[in-house]
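Just so it is clear, the structure is predicted and the values come from calculations on it, not from any experiment.
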Amino acid sequence: MENTSQKQTLGFQAEVKQLLDLMIHSLYSNKEIFLRELVSNAADAADKLRFEALANNALYESDPELKIRIAIDKAARTITVSDNGIGMSREEVIRNIGTIARSGTREFVASLTGDQAKDARLIGQFGVGFYSSFIVADRVTLVTRRAGLGASEAVRWECDMAKEAGAYSIEPAGKAARGTEVTLHLREGEDELLDEHRLRHIIHKYSDHIALPIVMGEETVNQASALWVRPKAEITEEQYAEFYKHVAHDFEAPLAWTHNRVEGRQEYIQLLYVPAHAPFDLWDRGHRHGLKLYVRRVFIMDDAQQLLPPYLRFVRGVVDSNDLPLNVSREILQQSRDVDAIRAGCTRRVLELLEDLARNQKEKYARFWDEFGRVLKEGVAEDASNRERIARLLRFSSTHDDAETQAVSLADYVGRMKEGQDRIYYVTAETFAAAKNSPHLEIFRKKGIEVLLLCDRLDEWLVSSLTEFEGKRLASVARGELDLSKVKGGDEKEPDWPVGEYAELLRALKGALGERVKDVRVSRRLTESPSCLIADEHEMGANLARILKAVGQKVPPTKPILEINPQHAIVKRLAPGDERFADWASLLFEQALLAEGGQLEDPARFVRRSNELMLSLAGG
């Protein structure tokens, strides 16, 4: 049995050691953030005490006035940040400091690049606030007692980077007051931080928004009121930005925010932020961060996921309700009509904010789309009530400029539609290059009809949910019959082959290909390529089938339709009675399959067949 009554030396989790080294070097140019991070942790500890005390008021012991204290000892060259919040037990100290208790840790470490500026942003997103102490200190001592435990059940934790960077010690300690105190033994050359005026400046810069009093000596040095309850006119952009860094544990300023007081049947305040960059774990839907929820200024939880839909999981911020009960639980949040109303209101405000960026700050919106556009696309399927609004916010690549940058809105597309055009055309593929060079686009390019180039995996689900926009149906250029006869403009007429003239060839091709195709027909799409594959109007397209197979889903069996271009040299020389006709038929099918990103069942056989046919043409 583990002996917890004596001093022990334990090793850091491997990822912690790596992060400590990277952080010290990556963040040193902005070293003063160590104080912001420690103050932020102290404020969170006070919030957690308030919440737990709702069910057990005795946790306040004889000290109900929550505050944060900062003390300087110039002789010892130390800075101490202490709070009378919830504190930690021995197990919590080991869990919260000795390891990084988050999924994706290894993936996070692997994403670090060695570029100090980029790594600083990633480290900030990961939220390693306590470790920022080591930017300015070579030895850090933490003494903590959890509220409700006896004075002798306190814990002393220490790490001396100069002696043993990969380990820390932990031992029992005595502490009369609950809470945590962190003492930083400064590195050589950091004496400027022992200046009280310097620390006051840092607090004003980074932590003025903290709702708790931050005390130096006997004086409170911050405003000590919840920022979100202040009138907007009294809050500077810098204060909004610093509060965001506190609630989001981000080192960068946000891209945009919206701050509103909602009154009426429901009364609440919302302060919602859109980050400047996507967190590394954005696609881990099982570990959403959510918003901080307060009820009448009392902290309830810091990941209230029910207050926004999953497709807005990148939003950070605070919701403070006047109406929810103080003992609200996650189960109540899931079933509450009041919460549904707050969720709808927050969703509306975020969409309004994004609409404003898209309309009035196009460069900012382009940055947003690069970071979060793929997530926003999920909303088309998830949020039917806001589908049209979300659709207006979508951006795509298109043949309008053939640029890979997704900058074309559906409204842009509709505004450029040709006279007589009644559909919004798109093509899906696994890569931008495959979409851009798809043979299905040939007649559209000749006629000057714009086509959206979709190459995100999510796009297949997007177009299955977004079937029309402003009364214009979305249509795949690779599905069903094609009729562009009513579209005016362009210098190319849609091919109109006399089908009867090719009836024998079509029958022979279908016979040669057998079960590989549903049908063979003359194409109205092709002007340059010899062949392409399409899906029937109501059948699954090849790209979606490939995506589903790649993730292990069962795909119903479907057969493509082979379309041929009678004016292509290869098709012209086909003769149903030719001894190598079956090989030519297979070549047309397999080339079409490759052109749309498909996989050949027998690549080696394709190569042999192609070589044999080329040799026969060369007289070999």
Side-chain angles (χ1 to χ4, degrees), residues 252 254-258 274-278 282-283 311-312 314-315 350-381 383 386-418 421 423-438 440-441 444-445 447-478 489-490 543 597:
E252 280 195 82
L255 185 69
W257 61 84
T258 178
V274 174
H277 294 281
L282 181 64
W283 294 100
Y311 71 91
L312 296 179
F314 52 84
V315 174
V350 173
L351 294 178
E352 287 174 356
L353 175 61
L354 297 178
E355 287 165 348
D356 180 69
L357 290 181
R359 187 168 49 247
N360 301 315
Q361 301 184 64
K362 296 186 184 302
E363 286 188 11
K364 271 193 175 183
Y365 190 75
R367 286 168 56 196
F368 161 80
W369 185 260
D370 286 345
E371 297 291 330
F372 302 109
R374 291 179 63 208
V375 183
L376 188 65
K377 287 178 182 179
E378 296 174 7
V380 172
D383 190 353
N386 286 302
R387 184 171 294 152
E388 187 77 12
R389 296 186 74 170
I390 299 168
R392 291 185 176 280
L393 292 167
L394 301 177
R395 297 294 182 266
F396 304 96
S397 301
S398 88
T399 57
H400 176 66
D401 57 7
D402 277 339
E404 189 167 1
T405 301
Q406 297 178 3
V408 175
S409 70
L410 292 174
D412 293 335
Y413 182 103
V414 170
R416 291 192 289 261
M417 286 174 62
K418 297 285 186 182
Q421 180 182 347
R423 297 186 181 186
I424 297 171
Y425 291 102
Y426 66 86
V427 63
T428 60
E430 288 195 2
T431 66
F432 173 73
K436 176 182 173 182
N437 298 311
S438 170
H440 300 97
L441 301 179
F444 292 88
R445 290 191 182 278
K447 290 180 70 70
I449 300 173
E450 186 174 358
V451 179
L452 301 177
L453 305 174
L454 310 184
C455 56
D456 288 342
R457 285 195 164 194
L458 277 169
D459 288 336
E460 288 286 0
W461 282 270
L462 173 71
V463 294
S464 68
S465 301
L466 185 66
T467 55
E468 66 172 42
F469 178 77
E470 292 187 352
K472 311 292 185 186
R473 183 182 160 202
L474 272 70
S476 168
V477 300
N543 189 55

Pair [X] + [Y]: basic N to acidic O under 4.0 Å:
X: R389; Y: E355; result: yes
X: E468; Y: R423; result: no
X: R445; Y: D402; result: yes

Are [X] and [Y] side-chain neighbours, meaning at least one heavy-atom pair lies under 4.5 Å?
X: Y413; Y: H400; result: no
X: Y425; Y: E450; result: no
X: V414; Y: F469; result: yes
X: T467; Y: R473; result: no
X: L393; Y: L351; result: yes
X: F396; Y: L410; result: yes
X: L394; Y: L466; result: yes
X: V463; Y: V380; result: no

I'd like to know if the side chain of [X] and the backbone of [Y] have a donor-acceptor N/O pair within less than 3.5 Å.
X: K364; Y: L255; value: yes
X: T428; Y: L454; value: no
X: E371; Y: H277; value: no
X: S476; Y: A478; value: yes
X: K436; Y: F432; value: no
X: D456; Y: L458; value: no

Which atom of [X] lies closest to which atom of [Y], heavy atoms considered:
X: A407; Y: D412; value: O-OD2, 3.9 Å
X: A256; Y: L357; value: CB-CD1, 4.0 Å
X: S409; Y: R395; value: CB-NH1, 3.2 Å
X: A435; Y: V427; value: O-CG1, 3.9 Å
X: E470; Y: R392; value: OE2-NH2, 2.8 Å
X: W257; Y: P254; value: CE3-CG, 3.7 Å

Exercise for the section: Apply the side chain to side chain contact (heavy atoms under 4.5 Å, CB included) test between I390 and each candidate in L354, L462, D383; give the one that qualifies. Expected result: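 It is D383; the other options fail the test.
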Interatomic distance, [X] atom [atom1] to [Y] atom [atom2] [nearest 0.5 angstrom]:
X: S465; Y: L474; atom1: OG; atom2: CG; answer: 11.5 Å
X: T399; Y: L452; atom1: OG1; atom2: CG; answer: 8.0 Å
X: R374; Y: D459; atom1: CZ; atom2: CG; answer: 9.0 Å
X: E430; Y: C455; atom1: CD; atom2: SG; answer: 10.5 Å

Handout entry: Distance-only polar pair, side chains of S397 and E404, donor-acceptor under 3.5 Å
Key =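 No donor-acceptor contact under 3.5 Å links the two side chains.
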Exercise for the section: Check step by step if side-chain contact (heavy atoms from CB on, under 4.5 Å) holds for Y426 and L453. Expected result: CA-CA 6 Å; Y426 66 86; L453 305 174; over 6 Å; no
Practice task
Compute the ring centroids of F372 and Y311, then answer whether they are less than 6.0 Å apart.
Solution key: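 Between Y311 and F372, which both carry aromatic rings, the centre distance is not below 6.0 Å.
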Practice task
Give the intermediate values and the outcome of side-chain contact (heavy atoms from CB on, under 4.5 Å) for residues L312 and L376.
Solution key: CA-CA 7 Å; L312 296 179; L376 188 65; 4.1 Å; yes
